S.K.: 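Questions regarding the structure given below will be posed in turn.
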Amino acid sequence: MKPIFALVDCNNFYASCEKLFRPDLTHVPVVVLSNNDGCVVARSKEVKALGIKMGGPVFKLKDEIAKYGIVCFSSNYALYADLSNRIMTLLEEEAPRLEIYSIDEAFMDLTGVDSVVDFESFGRSVKHKIDTWVGIHVCVGIAPSKTLAKLANHAAKKYKGTKGVVDLTNRERQRRLMALVEVGDVWGIGRRISEKLIAMGIKTALDLADADPKSIRLKFSVVVERTVRELNGVSCIGFEEAAPTKKQIICSRSFGERILEKQLMREAICKYVTRAAEKLRGEKRLTKSVSVFIRTSPFSKGEPHYSNSMATELPNPTDDTRDLLEVAEVLLDRIWRPGHRYAKAGVMLMDFYEQGTYQCDMFRSHEGKKKSKELMSVVDKINHSGLGNVFFAAQGVTPQWSMKREHLSPAYTTRWSDLKVVR
DNA sequence: TCTGGGGTCCTAGGACCC
DNA sequence: TCTGGGGTCCTAGGACCC
């Protein structure tokens, strides 16, 4: 049977989450900022209507923010993740199979569903449920490939008449829509490739669908060839129900203030190592490779730039924070150059092994490994319980370098004291 | 003064081997 | 003077996504 996909995508997700608990902001333009309150990462529909672009640095938007009374929020990932979980849980009840694609969108496998109910009615009932049970509005696009489902969702968002649901299983309808969509709006076609396509005279999604897949492959890559086939209703990107295991883990941050002292940088690196190790244990994996990078701001003029990274192999795969801290500090010693104003640093883990599959060397006792496992699981348990926070002293107690979050909303859904009160 | 963070996949080219 | 062919592995860089 030919597969059918639905893409459910939340409207202006982060901005909608912030508005959910602030009815006074219902029709007010709202933006959500990146870490350090640096760039705009989400916009409410009022802000989009003002023509304000995604990703722009906030300091360049100061005039517009004042002029239109735009309300700014620092990103509050605990809130967004919690609302995302509620939505995904409801979606799981609706479809036999669900692929959670990102924090605010998921693919549903609707293959065969039309023997029970037509696709559009199905989409409408899903939308109604999320809209009313969670209060976050979603759009639904339905089509025989993921790329077309993305396109259908794009149309559901753009055209009011669709009321948020588009069934794009009909070929004629697919072609009519594709003729209206710019090639750069197709999933998988970014800025670089769309520039090249336009120069070749391929301007719309339909032009791309009608291009010869073989010659597209020669000029670009198999990835773009796949997109051409997907636009023609041939599903090349399959359904992935289980989240694939991670191949690398990165923890990096820009600093709230520039770092000049090595001791402060050491604290930051230790903090990132600790977080990365927690994620690694969450993935139930061991790592054999650690890398550390530090850099000055690429934007600052009139000061020397410095950027460096270094990686190392561990003798044995590990998930013990202490092992990782030890090598990370050595790496930092080797790349640290005094006299720079550092803006960002990070830690990357890669080369993962499943727990229990690696042949360990004979110098590390079995007893030692067991102790390490127990210690790490106690640390993780305490930190997840909300009862307290234990950490390694190396990361510092009161970091001066932590990020700026001057417009943070309360933890409405994850902290008792921040619960919304209705009077 | 102030420009995010975390991922994946593909390709080309070099090193090395027989 | 003549200077192959085929394969693998690794890495860096580019491109994309949310």
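These figures come from a predicted structure and were not determined experimentally. In what follows, chains are A, B, ... by sequence order, proteins preceding strands, each numbered from 1.
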S.K.: Which one, B:dG7, B:dG5, B:dG4, comes nearest to the side chain of A:I250?
M.R.: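 The closest nucleotide is B:dG7.
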
S.K.: Round to the nearest Å and state the distance from A:M403 atom CE to B:dC2 atom C1'.
M.R.: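 Those two atoms, CE and C1', are 16 Å apart.
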
S.K.: NZ of A:K60 versus P of B:dT1: gap in Å, rounded?
M.R.: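 Computing the A:K60:NZ to B:dT1:P distance gives 14 Å.
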
S.K.: How many whole angstroms separate atom OH of A:Y77 from atom P of B:dG5?
M.R.: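 Taking atom P of B:dG5 as the reference, OH of A:Y77 is at 9 Å.
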
S.K.: Does B:dG5 have OP1 or OP2 under 4.0 Å away from a side-chain N or O of A:S254?
M.R.: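 The answer is yes; a side-chain N or O of A:S254 sits under 4.0 Å from OP1 or OP2.
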
S.K.: Base, sugar-phosphate, or nothing for A:K246, non-hydrogen atoms under 4.0 angstrom?
M.R.: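 Touches sugar-phosphate only.
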
S.K.: Is a salt bridge present between A:E120 and A:R124, judged by a nitrogen-to-oxygen distance below 4.0 Å?
M.R.: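 Result for this pair is yes, salt bridge flagged.
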
S.K.: According to side chain to side chain contact (heavy atoms under 4.5 Å, CB included), who are the partners of A:T245, at least two apart in sequence or on a separate chain?
M.R.: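 For A:T245 the side chain to side chain contact (heavy atoms under 4.5 Å, CB included) partners, ignoring immediate neighbours, are A:E283, A:R285.
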
S.K.: Pick the closest DNA chain B nucleotide for A:Q248 and for A:K62 by heavy atoms, then say which residue is nearer the 5' end.
M.R.: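 It is A:K62, whose closest nucleotide lies nearer the 5' terminus.
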
S.K.: Does the structure show a Watson-Crick or G-U wobble partner for B:dA15, both distances under 3.5 Å? Name it, or say none.
M.R.: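 Per the H-bond distance test, C:dT8.
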
S.K.: Would you kindly give the CG-to-C1' distance between A:L61 and B:dC2, to the nearest whole Å?
M.R.: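 Rounded to whole Å, this separation is 12 Å.
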
S.K.: Classify the nucleic acid contact of A:V58 as base, sugar-phosphate or nothing, counting any heavy atom under 4.0 Å across all strands shown.
M.R.: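 Contact class for A:V58: none.
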
S.K.: Heavy atoms only, 4.0 Å cut-off, all strands: where does A:R258 land among base, sugar-phosphate and nothing?
M.R.: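 Contact class for A:R258: sugar-phosphate only.
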
S.K.: How close or far is atom P of B:dC2 from atom NE2 of A:H407, stated in whole angstroms?
M.R.: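 Going from NE2 in A:H407 over to P in B:dC2 covers 16 Å.
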
S.K.: How far, in whole Å, is B:dG4 from C:dC17 if one measures between their C1' atoms?
M.R.: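 The same atom, C1', in both gives a distance of 15 Å.
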
S.K.: Looking only at side-chain N and O atoms, does A:N12 offer a donor or acceptor that is under 3.5 Å from a partner on A:K48?
M.R.: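 A:N12 and A:K48 do have a side-chain donor-acceptor pair below 3.5 Å.
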
S.K.: Report, as a single string ordered 5' to 3', how protein heavy atoms within less than 4.0 Å touch nucleotides 8-18 of chain C: B base, S sugar-phosphate only, - not at all.
M.R.: -------SSSS

S.K.: Is the distance between the ring centroids of A:F5 and A:W187 under 6.0 Å?
M.R.: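 Ring centroids of A:W187 and A:F5 are no less than 6.0 Å from each other.
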
S.K.: Could you tell me which non-hydrogen atom of A:A205 sits nearest to which non-hydrogen atom of A:V186, and how far apart they are?
M.R.: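 Result for this residue pair: CB-CG2, 3.7 Å.
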
S.K.: From A:D9 CG over to A:N11 CG, what is the distance, rounded to the nearest 0.5 angstrom?
M.R.: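 Answer rounded to 0.5 Å: 7.0 Å.
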
S.K.: If you look at every strand shown and take non-hydrogen atoms under 4.0 Å, does A:R275 touch a base, only sugar-phosphate, or nothing?
M.R.: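 Answer is nothing: A:R275 stays at 4.0 Å or more from every strand.
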
S.K.: Whole Å only: how far is the NZ atom of A:K344 from the P atom of B:dG4?
M.R.: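 Rounded to whole Å, this separation is 7 Å.
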
S.K.: So, is A:K279 near the phosphate of B:dG7, with a side-chain N or O under 4.0 Å from OP1 or OP2?
M.R.: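 Yes, within the criterion.
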
S.K.: Can you tell me the distance, in whole Å, between the CG atom of A:N35 and the P atom of B:dG6?
M.R.: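 After rounding, the reported distance stands at 8 Å.
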
S.K.: Separation of A:R405 atom CZ from B:dG5 atom P, in whole Å?
M.R.: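 To the nearest whole Å, that distance equals 12 Å.
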
S.K.: Quick check on DNA chain B: between A:S300 and A:N36, whose nearest nucleotide comes earlier from the 5' end?
M.R.: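 Result: A:S300.
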
S.K.: What distance separates A:L168 CG from A:L7 CG, expressed to the nearest 0.5 Å?
M.R.: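 Between atom CG of A:L168 and atom CG of A:L7 there are 12.0 Å.
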
S.K.: Are A:E64 and A:K67 ion-paired here, with the side-chain N under 4.0 Å from a carboxylate O?
M.R.: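 A salt bridge is absent here (no side-chain N lies under 4.0 Å from a carboxylate O).
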
